[in-house]
Every structure is written in C-alpha cells, then in structure tokens.
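Accompanying notes for the structure given below.
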There are 2 protein chains.
Amino acid sequence: MSENIDKFELILSSSRKLIEEIGFSSLTMDKVAQKAGIAKGTVYLYFKDKDDLLEKVLSTGFEKMFERIKNRVAVENRVIDKLGALISENINHIYENRYFFKTIFLDEVNVVFLKKKSKESFNLRRKRYSDFIGDIIKSGAESGEFVSGLNPAKSGYMLVSLIKTAAIYNFLSERFEPTPEMIENDTKEILNLFLHGISVK
Amino acid sequence: MSENIDKFELILSSSRKLIEEIGFSSLTMDKVAQKAGIAKGTVYLYFKDKDDLLEKVLSTGFEKMFERIKNRVAVENRVIDKLGALISENINHIYENRYFFKTIFLDEVNVVFLKKKSKESFNLRRKRYSDFIGDIIKSGAESGEFVSGLNPAKSGYMLVSLIKTAAIYNFLSERFEPTPEMIENDTKEILNLFLHGISVK
DNA sequence: TTGAATTATGACTTTTAAGTCAGTATAATA
DNA sequence: TATTATACTGACTTAAAAGTCATAATTCAA
C-alpha cells in the first residue's frame with residue numbers, strides 16, 4: 001500500500017524533473033518511465049493517461065504554492081503588506097523551482113514551434129517591441145515625467161504583459177464584441193495602472 | 001509569377017483562418033492543404049516545413065501590427081500620449097484579429113494538455129489565485145487605500161501577470177541564481193509598479 | 001508452503017501526422 | 001505544334017509516441 005504511494009510520488013517527481021530538463025513539449029511516457037526506472041505499463045497503473053499525469057503534476061505544484069502564499073499573507077495585517085508578502089512569496093517559490101517554471105513560462109513558444117531558430121526569432125520580436133516601448137519610457141524618465149532608476153526594457157515587457165492580460169481577461173469573460181467605448185476604457189485602465197498604479201494619490 | 005505569390009498568400013491566410021478555428025496545437029499540414037484547396041505537396045513548394053510556415057504566419061502578423069503601432073505613436077508628441085496611443089492601437093489590433101489572438105493567448109494551455117477537462121481545471125486554478133488577490137485588493141479599496149472602481153479580479157490577473165513577466169524577463173536575461181537581495185528588489189519593484197505606477201508623484 | 005491476488009513488465013498495436021517523390025498537368029518557348 | 005520547364009498532385013513512406021495486454025514477478029493470506 002505504502003509502496004503504491006511511493007510509486008505514485010516517484011512518477012510525479014520524475015515527470016517534474018524531466019519537465020525541467022526537456023520541457024513539456026518533449027515529454028513522452030517512455031521517457032517518464034525510463035526516468036522513474038520502471039516500465040511504461042506501470043505508469044498507466046497509477047495514472048489514467050498522459051493528460052491525467054500532467055494535470056496532477058501541475059495541480060499538486062499549484063496547491064503547494066497556493067497554500068504557502070496563503071499562510072504567509074495571513075500573517076500580515078495591512079493590505080499593502082499582504083500584497084508585498086504575496087509577491088515576495090510568489091517570486092521565492094518561482095525561484096526555488098526555477099527550472100520548472102522556466103520551462104512552464106517559456107514553453108509556450110514550443111506549442112507553436114519545433115525548431116530553435118523560430119523560437120529565437122519569436123523572442124527577438126518580443127524584444128523588439130519591448131525595446132520600442134522601452135525607448136518611449138526612457139525619454140519620459142529623461143524628461144522627469146517618469147521615476148528614475150527604471151529599467152526601460154523591463155518596463156516595456158511589463159506593459160506588453162498588462163495589455164495581453166487585459167485581453168485574456170476579456171476573452172475568458174467571453175467578451176468578444178467590444179464597442180469602441182470598451183476599448184477606450186481598457187486603454188485608459190491599462191495606461192492608468194501603468195502610470196499611477198492602484199493606490200490613491 | 002504573380003500566381004505564385006497568390007498561392008503563398010493563400011496558404012498563409014488559410015493557415016491563419018485554421019488557427020483561429022482549431023488552434024495551433026491541432027494544426028496539421030493536411031488540414032492546411034485542405035483549407036487552401038490544394039495538395040499537401042504544394043504547401044511544401046512554398047514553405048520549407050511546418051516550422052517555416054508557422055514562423056511566417058506569426059512574423060507577417062507581427063510586422064503588420066508593429067508597423068501600425070509605430071506609425072500611430074509617431075503622430076503623438078508627449079510621452080504619455082505616445083503610451084496611450086500605443087496601448088489603444090495594440091488593443092484595437094488584438095480585437096480586430098480577436099479569434100486569432102484568442103487562440104494564441106489561450107493556446108498556451110494546449111502545450112501541456114490534450115483534454116478539455118484539464119484545460120478547465122488549469123483556468124480554474126488561475127482564477128482561484130486571482131480571486132484570492134482580488135479579495136485583498138477589494139479590502140484595500142473599501143478602506144480607501146486603493147482607488148475605487150477597480151475590478152478586483154481583473155487587477156488580480158494583472159498582478160499575477162506582472163510577477164510572471166518579471167520572472168520571464170530574468171529567465172531570458174539568464175538570471176538563474178538570484179540572491180535574496182535581488183528577490184527583495186524584484187518584489188519592491190513589482191509592488192511599487194502595481195501600487196504607484198511609473199510616473200513621478 | 002502453496003496458490004490466489006496484486007503489481008510490474010515491455011514487446012506489440014494503433015494512431016497520427018510530417019515529409020517525399022514519381023508521375024501528371026499546365027505554361028512558356030522555340 | 002513540339003519540346004522543355006515549371007507547378008501541382010496525393011498515395012506512400014517514415015517516424016514518433018500513446019496506449020494495451022499477455023505474461024512474469026512479487027506479495028499476501030490461509
């Protein structure tokens with residue numbers, strides 16, 4: 001019985017290690033079995049199929065992280081301290097599992113591309129756009145409108161991700177036919193968040 | 001000669017349409033050929049392989065968007081207006097190509113999962129975390145610390161994406177062994193951006 | 001100790017999709 | 001019109017990986 005639990009955990013941890021090494025897109029059941037030092041058929045005794053295995057890899061990871069963040073946040077009393085604790089705990093968790101998250105975060109490119117070259121040009125485009133925004137931000141910092149000490153390129157990435165996230169939020173909320181007003185509103189909202197944040201002045 | 005260019009464009013646009021309908025992860029060369037009403041072999045006369053085709057689908061789309069945004073931004077003089085124009089133009093572009101972008105943005109889940117059920121639980125976890133943050137933000141809005149009129153859940157998504165983006169930025173910059181100070185710095189930076197933005201007060 | 005139940009194995013089957021290429025149709029040229 | 005060059009076709013080959021299952025090893029219980 002306890003043997004079973006061990007094997008279940010063994011397969012999970014082997015999968016996690018493999019994902020760190022080769023990414024989701026190259027993960028195969030054969031490799032998982034090999035990594036765990038067991039036969040492929042055995043994997044299917046503990047997991048319904050590949051989908052089930054990956055779902056469990058991600059869900060157990062998430063639950064661990066969420067639990068940790070909730071506990072840390074509960075200690076703080078003031079709202080801003082809660083947010084600070086949350087961010088810090090989240091970043092720490094990402095870094096402690098950095099190879100896993102690196103794969104998770106960057107593997108999105110692998111959905112689409114099979115070859116290194118295309119991945120590189122994908123990242124290059126992302127960089128070109130962020131740098132373009134970075135230049136605008138830089139000139140704002142030089143004119144004294146924006147705070148000094150900003151990393152312009154990084155801030156560019158941040159703005160791009162805010163725009164993308166707003167779109168994803170709308171897509172997930174089934175908002176597909178936006179009126180011009182809605183778009184104007186979204187624009188204002190993102191610009192405002194990026195320029196002034198959510199605090200009252 | 002002009003026939004060739006037409007077929008090249010035909011394959012590109014058929015691929016784009018297909019991606020809108022079924023996503024990257026289900027795209028096959030057979031389906032592309034069928035959609036374009038040509039033989040599979042013909043696709044390989046215009047594109048080296050699948051990777052080449054997808055790379056060109058994405059790069060042409062990006063160049064179009066980037067050109068458009070650059071032109072629009074160039075019209076404005078003040079930095080803040082430039083940023084506003086950029087955001088607005090970017091959002092507009094996303095909405096005009098909404099089905100394509102919906103797939104691009106949400107297909108990241110498909111890297112990992114094959115079945116609908118797992119995708120749903122993935123989105124559910126994302127929502128649970130954002131809602132948790134949303135609750136904190138809500139209490140901050142109620143106490144008057146944060147601006148009113150915020151959508152807490154959406155703001156939660158925004159914060160999560162800022163954290164994620166900061167990590168991606170570090171990963172892309174090959175920063176894998178962060179000191180505690182670097183993590184503390186990142187935390188402050190994100191919290192500060194989220195609370196106060198990049199403008200000077 | 002033995003035989004029933006449980007767990008494990010890995011060769012095999014099946015599926016899916018990328019990529020090829022010999023043959024066919026169409027267009028260009030002499 | 002005949003010949004060459006170019007463009008197109010889709011059945012076929014190849015490859016990769018998911019999932020199965022008859023058989024073997026191990027554990028457990030009487």
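A note on names: the letters A, B, ... follow the listed sequences, proteins ahead of strands, and every chain is numbered from 1.
Atom CD in B/Gln34 sits about 13 Å away from atom C1' in D/dG10, given to the nearest Å. A straight line from CG of A/Leu45 to C1' of D/dA25 spans 14 Å, rounded to a whole angstrom. The interatomic distance linking A/Lys7 (NZ) with D/dT26 (C1') rounds to 10 Å, in whole Å. Atom pair B/Ile11:CD1 and D/dA7:P shows a separation of 13 Å (rounding to whole Å applied). With rounding to whole Å, B/Phe47 atom CZ is found 16 Å from D/dC8 atom C1'. Taking atom CG of residue B/Leu10 and atom P of nucleotide D/dC8, one finds them 10 Å apart after rounding to whole Å. Summarising the geometry, the separation between CZ on B/Phe8 and P on D/dA7 is reported as 15 Å, rounded to the nearest angstrom.
B/His93 meets the ring pair (Phe, Tyr, Trp, His ring centres under 6.0 Å) test with B/Phe101; sequence neighbours excluded. Residues satisfying the salt bridge (charged side-chain N to carboxylate O under 4.0 Å, His left out) test with A/Glu174, not counting sequence neighbours, are none. The ring pair (Phe, Tyr, Trp, His ring centres under 6.0 Å) test applied to B/Phe66 returns A/Tyr129, A/Phe132, B/Phe62, not counting sequence neighbours. A search for salt bridge (charged side-chain N to carboxylate O under 4.0 Å, His left out) contacts involving A/Lys119 returns nothing, not counting sequence neighbours.
Sorted by first then second residue, the ring-ring contact (aromatic ring centres under 6.0 Å, His included) pairs that include residues 137-162 of chain A, not counting sequence neighbours, are A/Tyr157-B/Tyr169.
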Pairs under 3.5 angstrom, nitrogen or oxygen only, protein versus nucleotides 15-22 of chain D, please.
unit_1: D/dA18; atom_1: OP1; unit_2: A/Lys50; atom_2: NZ; d: 2.8
unit_1: D/dA18; atom_1: OP2; unit_2: A/Met29; atom_2: N; d: 2.8
unit_1: D/dA18; atom_1: N7; unit_2: A/Lys40; atom_2: NZ; d: 3.1
unit_1: D/dG19; atom_1: OP2; unit_2: A/Tyr44; atom_2: OH; d: 3.1
unit_1: D/dG19; atom_1: OP2; unit_2: A/Lys50; atom_2: N; d: 3.2
unit_1: D/dG19; atom_1: N7; unit_2: A/Lys40; atom_2: NZ; d: 2.9
unit_1: D/dG19; atom_1: O6; unit_2: A/Lys40; atom_2: NZ; d: 2.9

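Each of B/Arg125, B/Arg126, B/Lys127 was scored for a side chain to side chain donor-acceptor pair (under 3.5 Å) with B/Asn123, with one residue passing: B/Arg126.
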